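Below you'll find the structure, written out as structure tokens, and then a few comments.
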Amino acid sequence: MTQQLQLNSKGKLKHFLSIEGLSQNLLTEILNTAESFAGTTGQPVKKVPLLRGKTIVNLFFENSTRTRTTFELAATRLSADVLNINIATSATSKGESLLDTIRNLEAMHVDMFVVRHSLSGAAHFIAQQTAPHISVINAGDGQHAHPTQAMLDMFTIRQHKKDFTHLKVAIIGDILHSRVARSQIQALNTLGAAEVRVIAPKTLLPVAVESLGVTAFHSMEEGLHDIDVIIMLRLQKERMNSALLPSESEFFKCFGLTPGKLKLAKPDAIVMHPGPINRGVEIDSSVADGPQSVILQQVSNGIAIRMAIMSMAMQQTGSPA
Amino acid sequence: MTQQLQLNSKGKLKHFLSIEGLSQNLLTEILNTAESFAGTTGQPVKKVPLLRGKTIVNLFFENSTRTRTTFELAATRLSADVLNINIATSATSKGESLLDTIRNLEAMHVDMFVVRHSLSGAAHFIAQQTAPHISVINAGDGQHAHPTQAMLDMFTIRQHKKDFTHLKVAIIGDILHSRVARSQIQALNTLGAAEVRVIAPKTLLPVAVESLGVTAFHSMEEGLHDIDVIIMLRLQKERMNSALLPSESEFFKCFGLTPGKLKLAKPDAIVMHPGPINRGVEIDSSVADGPQSVILQQVSNGIAIRMAIMSMAMQQTGSPA
Amino acid sequence: MTQQLQLNSKGKLKHFLSIEGLSQNLLTEILNTAESFAGTTGQPVKKVPLLRGKTIVNLFFENSTRTRTTFELAATRLSADVLNINIATSATSKGESLLDTIRNLEAMHVDMFVVRHSLSGAAHFIAQQTAPHISVINAGDGQHAHPTQAMLDMFTIRQHKKDFTHLKVAIIGDILHSRVARSQIQALNTLGAAEVRVIAPKTLLPVAVESLGVTAFHSMEEGLHDIDVIIMLRLQKERMNSALLPSESEFFKCFGLTPGKLKLAKPDAIVMHPGPINRGVEIDSSVADGPQSVILQQVSNGIAIRMAIMSMAMQQTGSPA
């Protein structure tokens, strides 16, 4: 159902809600399109007129300056007009329902909703309900998915490792509560990664995590062996029940990425993190700032990936959904 | 005096503060100009370069995401630059007077103030005090006027009923506290509507309401008979003294618009509401979403009407006021 | 060190952090560039395409609607894209360090930071740490400097008095806590003003204030004699320890600028104030609004000065720092 919702009748991207249900070809098309925007590594993305006259609404029900900023910049570089609406602080205070808010914005003839919501499924719900001419991009919904983050991670991995088929990737930390991890696992498997591992204490792994297509490890020593790509997750203090972990320092001791632990992986392994990082909680500063870290490249790539996804989805508006 | 303030020496619109004092010709010119922006019903409004290089300030002393959004979109589609200033949260915290705030923004060579204020007369005051090159649009002042809302309502009525001269219109709900109702009544009478009725409990009607040019009814059964256009008002819970009404459910029972009550009007009557709607308080969901409802068309028309008013007022800046 | 930081290897402006260390030639170049934007006095600044495609970030760690507005307008008139980030309310709430915030914005390929911070030295710190392609403008840091304010003041003085070399200027009020006063004193001395006086009670003067290049007075009667330019400072109630002053009315009686005190200066003296003014606290309304006041011209000139500084600094990006 997600697939049908995300693609139009010609199989082109209309909404971008989840990695689930998207083909390897489509993910590769997104990466290639982003590459056309990104240009040479380190060069700024040029402004292009692709979405001139279009209105993109950042519809944030959950506050996130960082994510809002990357979408706003990506939209601006596509020459779209951007409308920021922070619902957390304003709209529903008059008691209007989510659906009425959506109906009203539709009636104003906006072209795209970029949705951030603390409830899983919110972006899907909006995509199901919204008018045919509108595209919906999921900018993070509850513990469900954060697919643009996963795609910028894939873009960064491909920049460094070229091909996914021989890659062994480890995702480390609070898998249980992480929408980022769910989307990364789906993307890596769809793109044909050789092995996807998760490394976490048992209390921070979902039940039957192997069914997601991963191998579970409970120690860095075992899990990092022979790894090409290390993805650290942010320890979401605000989301964690304190009973799940003894303490931050205990977590760092076991699962924090230190120079010593980094040596357990392949010598050319890259280190990734979706940010914002908690220095000394899940990652040591010398690793975060070290030569194997590609954390800031991820941020740069986030602009190009979001430009790619927004422009691809907008080219399908008007087509039968 | 309002007339002199709103028109320049050639009788053209300079400020848009109130329907009061504007001629039928001018209101019709606004509707015709909006029609040129709106194009075919349902089609998005195209971006036009009419106000390129102009700076429009959304000066909101009262928070309203919805109204701010419609003005921002309208300004953007006229290619103006928009500056959002939310005074409620920021400016007067340093103790600056309203007049000093205005003088400072004038000195920055902005071109238009869109003013929302909880005090009646605020937009008039600013228009009286501001520099000759600046236009002022009233986006709602206290319980006084909300003239752009009234004009988008007139536009919507004309779309459906073509001519005003045979129309019987009923406005229902809290007339006493409604700036929207005041502006609607003035607009309908100026445009020559055959009959304007208000339907409300006595506690929610102004003293001597007939002097506004309306007939007052206290029951839906009597008031809706033979009506072409039904305008429901939002029950402004935050503005109402609880002593004026027994309860929300009691209000809905007497004055809420249900499918049964809707049948009291003409079969082709249209149902309007300025939004945001309180489902089950003043209007039943099946009516709000039903075939006679034009509520979302009102929202769409709000963009075209505001584009019309902003562009007409800006063409007069520089002319002697 | 400030000089090296602010200028590139060819001696051109790269960051604008402080008046200190900048030459008379450079300050004059800024004034001349601003004049090219300002055009005739009273005429609005035209929009120019100088910074089209550039992204300017208003990075405000301290709330200031007025200052943010002037920078946003200046950037918009240079055709840049503007991103407003209010860190006070958002970013560091997730515990990210200032440096990580900067690194992330850099990675998004923004071109300029306009920094407002309650800590002295914040803009310098960011300029030291940021990537070579980024320019930093100080929009006020603690009690240290507010150099764009000082330059718009110099621009306004030059408009009225043509030449600095014969000018006697008095700065009046809370010198101790004023970043504006520090920057004004440096600018006036660099531009060769004949005499710079400060007039304040001893409790509101820094220790060894004469070392800044000023003469200190403790009474308006002595200090205003023969003065060409009077600069009143805002009494920063929120920054002052109440022990420093007996009361507002006592301060006004001694140091407030009344029509009577104004007569102590030269007949053609101009009256300036950085705003927002406290009427009846440091300045009488009849003086603030009187014929010798140039307070609103300062506001107008703020747009042109900030356009000048931003465009000069951006022309140097890419050059070796």
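Numbered from 1 within each chain, the chains take letters A, B, ... in sequence-line order. Just so we're clear, the structure is a prediction, and the values are computed from it rather than from any experiment.
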- Query: Which answer fits C:Leu296, side chain, backbone, both or neither, if we ask what part of it has an atom under 4.5 Å from a heavy atom of chain B?
  - Reply: both
- If you take all heavy atoms of C:Ser300 and B:His109, which pair is closest and at what distance? OG-NE2, 3.9 Å
- Closest heavy-atom pair, C:Val299 versus B:Met108, reported as atoms and distance to 0.1 Å, is CG1-CG, 3.7 Å
- Query: Could you give the distance from CG (B:Asn104) to CD1 (C:Ile277), rounded to the nearest 0.5 Å?
  - Reply: 8.0 Å
- Sort out for me which of C:Asp289, C:Ile295, C:Thr69, C:Val82 touches chain B most, counting heavy-atom pairs under 4.5 Å. C:Thr69
- Query: Going through the distances and angles, do B:Ile85 and C:Arg66 end up as a side-chain contact (heavy atoms from CB on, under 4.5 Å)?
  - Reply: CA-CA 9 Å; B:Ile85 299 188; C:Arg66 168 194 288 252; over 6 Å; no
- Item | B:Val110 versus chain C, the contacting section by heavy-atom distance below 4.5 Å | both
- Task: Below 4.5 Å from any heavy atom of chain C, which atoms of B:Asp100 appear? Answer side chain, backbone, both or neither.
- Result: side chain
- Derivation and outcome, side-chain contact (heavy atoms from CB on, under 4.5 Å), residues C:Leu73 and B:Thr55: CA-CA 8 Å; C:Leu73 281 176; B:Thr55 303; 3.5 Å; yes
